[in-house]
K.L.:
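This is the structure I have questions about; it appears just below.
This one's a predicted model, so the numbers in the text were calculated from it and none came from an experiment.
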Amino acid sequence: MGQYTASQRKNVRILLVGDAGVGKTSLILSLVSEEYPEEVPPRAEEITIPANVTPEQVPTNIVDFSSVEQSDEALAAEINKAHVVCIVYAVDDDDSLDRITSHWLPLVRSTCSSSSSTNTDGEPDVARKPIVLVGNKIDLIEYSTIDSVLAIMEDYPEIESCVECSAKTLHNISEMFYYAQKAVLHPTSPLYIMEEQNLTPACKKSLVRIFKICDIDSDNLLNDYELNLFQRRCFNTPLQPQILDEVKSVIQKNVPDGIYNDAVTLQGFLFLHCLFIQRGRNETTWAVLRRFGYNDQLEMCKEYLRPALKIPPGSSTELSHRGQQFLIALFERYDRDGDGALSPEEHKMLFSTCPSPPWSYSTDIRKSCPTNDCGWVTLHGWLCRWTLMTLIDVVKTMEYLAYLGFNVHENDSQLVAIHVTRERRIDLAKRQSSRSVYKCHVIGPKGSGKTGLCRGFLIDDMSKLLGKEFKTNVVHCINSVQVYGQEKHLILRDIDVRHALDPLQPQEVNCDVACLVYDSSNPRSFEYVARIYIKYFAESKIPVMIVGTKCDLEERRQDYLMQPAEFCDKYKLLPPHLFSLKTNKKELYTKLATMAAFPRFQAAWILFYKHRLVQLWESAYLRQFGLMTEDPKVWLKAGLGVAAATVLGFIVLKAISATGTHSR
């Protein structure tokens, strides 16, 4: 569902109270039978009006009260159960009018106060029950009591509206119950402060966010195109040019700075909604608020922020094409100087419609995804950072997409921005992953250089990190790599190891590919990696790459039963990949992503690696004996030999695949 509308109430409960003889019961019976009852019982039975015959399409329960048949305790219970209370007085009886302020309003207030919860300061939260004042028997007088009632409304902000009617002539009977229903579904008090004749702070804050979302070109104005788009999104109908001009004229007349360059300013937008409420058209403002995800307390609804998303075990979450396109458009909209990066101020403005940014710009963003030389996130880095959040915390992604207006701009829920991948067991069975985002856990002892390996993934010149002390521990780093011509995102998670004997948790082991790192210049470094592999990965189906860092330094013999190369050969792993920030070679990251994309072809990787060594040896042999020649006959023989070796290689590969021996 893209359209989030209306109050989420399942029903409206209306209670009628007032002095004896004012006509409460007659009003209910006249509404139901559409004629005045000649005989009126002391109290009408509770009546339920079906949703299909009410203006707001919500079932409505109407409850009568009789002091003759019911106790004060029963009255208090009914007041607490009711969503709105109609206080009925007789327009020809001044005493019943005076009793509104001397008895009924204080009674409703005290009843609600005694049943409310306490706030964080330990004081009671006064839950103001919506009130509608109803003057009955208007057929008996030639004057109106509305002026007297309006004076009461100024002192009691919980009074939503007042109406004069007649049970005998049926005058305004339907309207009375409509106002009561409206007081519940479209209440005034969350939107408007009667005493100040102004919007509440919560309402202003919500409308400011809505204004910013609808301001597509971010010029702090709503032009005709943006206003029409706003109208269609909220009310499914275009704004006629004549009506638009009239609206602008009203704004201009009342708010001098409400119109600028024939467009509506924020001040004009807020005034317009203030005017709607003052004219009793609360439903217009509520329709806008609910379309943008707000509930009756002007908070973002849980269902709007976090729609239910089913993720099967072994599946992961990625951004869909629509999700990516929305984020690209959002980035370009706030990249005001067009330099291809978001400055701290632009980044702050982009997330001004959210409670707070989803990450820290000064630390997290700069150390987890690609940025420019100033440390500002680029479009590529922006998509990377969202891709990372979508994989590790998809609920947070959906929340922030809602805050940023995805539901409104796309006219759909955030679910269409998320792609749920197929289960990992299917990837393993097919020996190929359909995912485009892979998680690699980088595990190694303290001082092994794993943090530098992760950070080097983010920058073009890794040598800039040499000698740098990494004070801030950012757990994840993400960038994209090419795997057979396709762009894949690789997330490196730096697994923090405090002590060598600390066990790894399941969430620290489970990943798409593991990168076990040791310091090749430290003779005591490899033992930790070897023990970790044997304990956690030897029997798993997770592809593993062992990496020796700091290879620009003198390589030391490791104090372990086997040297790294022997260890890898024994456990059918690729030979150790030697890595250094100084050499600035990045093929390691492509290898890791490729192993994650093809999780059960580790044996094939080893075969390929050995075949490559044979090729290099043969090339050196030919050069040594002077057999490097342009003679086509020699190359024909060599070609036949290579072809035979290739066929043999495929036969061996097929045999390995069939038996499944060590194929991770």
Side-chain angles (χ1 to χ4, degrees), residues 14-19 22 24 79 82-114 116 123-138 141 143-165 172 175-204 206-207 250 254-255 270-286 289 296-298:
I14 303 172
L15 173 65
L16 273 66
V17 299
D19 292 346
V22 295
K24 305 183 298 296
I79 289 174
H83 298 134
V84 57
V85 177
C86 292
I87 301 178
V88 183
Y89 67 96
V91 293
D92 64 337
D93 182 358
D94 291 341
D95 289 341
S96 69
L97 179 58
D98 293 339
R99 289 256 299 167
I100 292 175
T101 53
S102 64
H103 176 71
W104 291 109
L105 284 170
L107 174 65
V108 175
R109 272 193 177 183
S110 63
T111 303
C112 294
S113 299
S114 62
S116 14
E123 299 174 352
D125 282 327
V126 179
R128 289 181 171 176
K129 189 81 67 176
I131 303 285
V132 176
L133 299 183
V134 181
N136 190 24
K137 306 184 181 181
I138 192 66
I141 61 172
Y143 57 88
S144 174
T145 59
I146 290 296
D147 289 340
S148 301
V149 172
L150 290 176
I152 298 173
M153 291 179 70
E154 292 180 4
D155 297 328
Y156 291 85
E158 62 264 45
I159 301 175
E160 290 283 331
S161 58
C162 58
V163 59
E164 291 182 330
C165 60
N172 277 349
E175 286 78 1
M176 173 206 132
F177 288 101
Y178 168 69
Y179 286 135
Q181 195 180 54
K182 182 180 171 183
V184 178
L185 302 178
H186 313 299
T188 303
S189 56
L191 308 181
Y192 193 73
I193 305 172
M194 199 71 70
E195 302 93 310
E196 300 177 11
Q197 298 285 293
N198 202 355
L199 299 172
T200 62
C203 183
K204 279 185 182 177
S206 304
L207 291 173
V250 171
N254 291 275
V255 186
L270 294 176
F271 164 77
L272 198 59
H273 285 279
C274 199
L275 188 63
F276 288 147
I277 297 165
Q278 289 170 348
R279 292 183 176 179
R281 293 175 56 190
N282 302 10
E283 64 272 16
T284 302
T285 299
W286 274 115
L289 291 166
D296 292 350
Q297 291 73 45
L298 293 185

K.L.:
Measure the spacing between CG of Asn282 and CG of Leu185 and express it to the nearest 0.5 Å.
P.N.:
11.5 Å

K.L.:
Kindly determine whether Ser96 and Asp19 satisfy side-chain hydrogen bond (donor to acceptor under 3.5 Å, both in side chains), including the steps that lead there.
P.N.:
CA-CA 6 Å; Ser96 69; Asp19 292 346; 5.4 Å; no

K.L.:
When rounded to the nearest 0.5 angstrom, what distance separates CG in Leu275 from OG1 in Thr284?
P.N.:
10.5 Å

K.L.:
Is there a side-chain contact between Leu191 and Leu289 (heavy atoms, below 4.5 Å)?
P.N.:
yes

K.L.:
Can you see which heavy atom on Asp92 is nearest to which on Tyr143, and at what distance?
P.N.:
CA-OH, 4.5 Å

K.L.:
Just by distance, do the side chain of Thr200 and the backbone of Pro190 share a donor-acceptor pair under 3.5 Å?
P.N.:
yes

K.L.:
Which atom names give the shortest non-hydrogen contact between Ser206 and Ala202, and what distance separates them?
P.N.:
OG-O, 2.9 Å

K.L.:
Rounded to the nearest 0.5 Å, how far does OG of Ser144 lie from CG of Leu150?
P.N.:
8.5 Å

K.L.:
Once you round to the nearest 0.5 Å, how far does OG of Ser189 lie from CD1 of Ile159?
P.N.:
12.0 Å

K.L.:
Determine whether Pro157 and Glu195 make a side-chain contact, defined as any pair of heavy atoms from C-beta on separated by less than 4.5 Å.
P.N.:
yes

K.L.:
Is there a side-chain contact between Phe177 and Val134 (heavy atoms, below 4.5 Å)?
P.N.:
no

K.L.:
Can any side-chain N or O of Glu160 pair as donor or acceptor with the backbone N or O of Pro187 at less than 3.5 Å?
P.N.:
no

K.L.:
Look at the side chain of Lys129 and the backbone N and O of Ile79, then say whether any donor-acceptor pair between them is shorter than 3.5 Å.
P.N.:
yes

K.L.:
Suppose we screen for ring-ring contact (aromatic ring centres under 6.0 Å, His included). Which residues come up paired with Phe276, at least two apart in sequence or across chains?
P.N.:
His273

K.L.:
For the atom pair CG (Leu270) and CG (Leu207), what is the distance rounded to the nearest 0.5 Å?
P.N.:
6.0 Å

K.L.:
Are Asn136 and Cys165 close enough, and set up right, to give a side chain to side chain contact (heavy atoms under 4.5 Å, CB included), and what steps lead you there?
P.N.:
CA-CA 5 Å; Asn136 190 24; Cys165 60; 4.2 Å; yes

K.L.:
With side chain to side chain contact (heavy atoms under 4.5 Å, CB included) as the test, would you mind laying out the steps for Val22 and Val88 before giving the verdict?
P.N.:
CA-CA 7 Å; Val22 295; Val88 183; 3.9 Å; yes

K.L.:
Between Cys162 and Ile146, which heavy-atom pair has the shortest distance, and what is it?
P.N.:
SG-CD1, 3.9 Å

K.L.:
For Glu283, enumerate each residue passing the side chain to side chain donor-acceptor pair (under 3.5 Å) test, keeping only those at least two apart in sequence or located in another chain.
P.N.:
Lys182

K.L.:
Begin with the C-alpha distance, continue with both residues' side-chain angles, and end with the deciding distance and a verdict on side chain to side chain contact (heavy atoms under 4.5 Å, CB included) for Val149 and Leu97.
P.N.:
CA-CA 8 Å; Val149 172; Leu97 179 58; 4.2 Å; yes

K.L.:
Under the side chain to side chain contact (heavy atoms under 4.5 Å, CB included) rule, collect the residues that match up with Thr101, sequence neighbours excluded.
P.N.:
Leu105, Ile152, Tyr156

K.L.:
What verdict does the side chain to side chain contact (heavy atoms under 4.5 Å, CB included) test give for Tyr179 and Leu133, after you've listed the backbone C-alpha separation in whole Å, the side-chain angles of each residue and the deciding distance to 0.1 Å?
P.N.:
CA-CA 10 Å; Tyr179 286 135; Leu133 299 183; over 6 Å; no

K.L.:
Side chains of Tyr89 and Thr145: is there a donor and an acceptor less than 3.5 Å apart?
P.N.:
yes

K.L.:
What's the separation between atom CD in Glu164 and atom NZ in Lys137, rounded to the nearest 0.5 Å?
P.N.:
14.0 Å

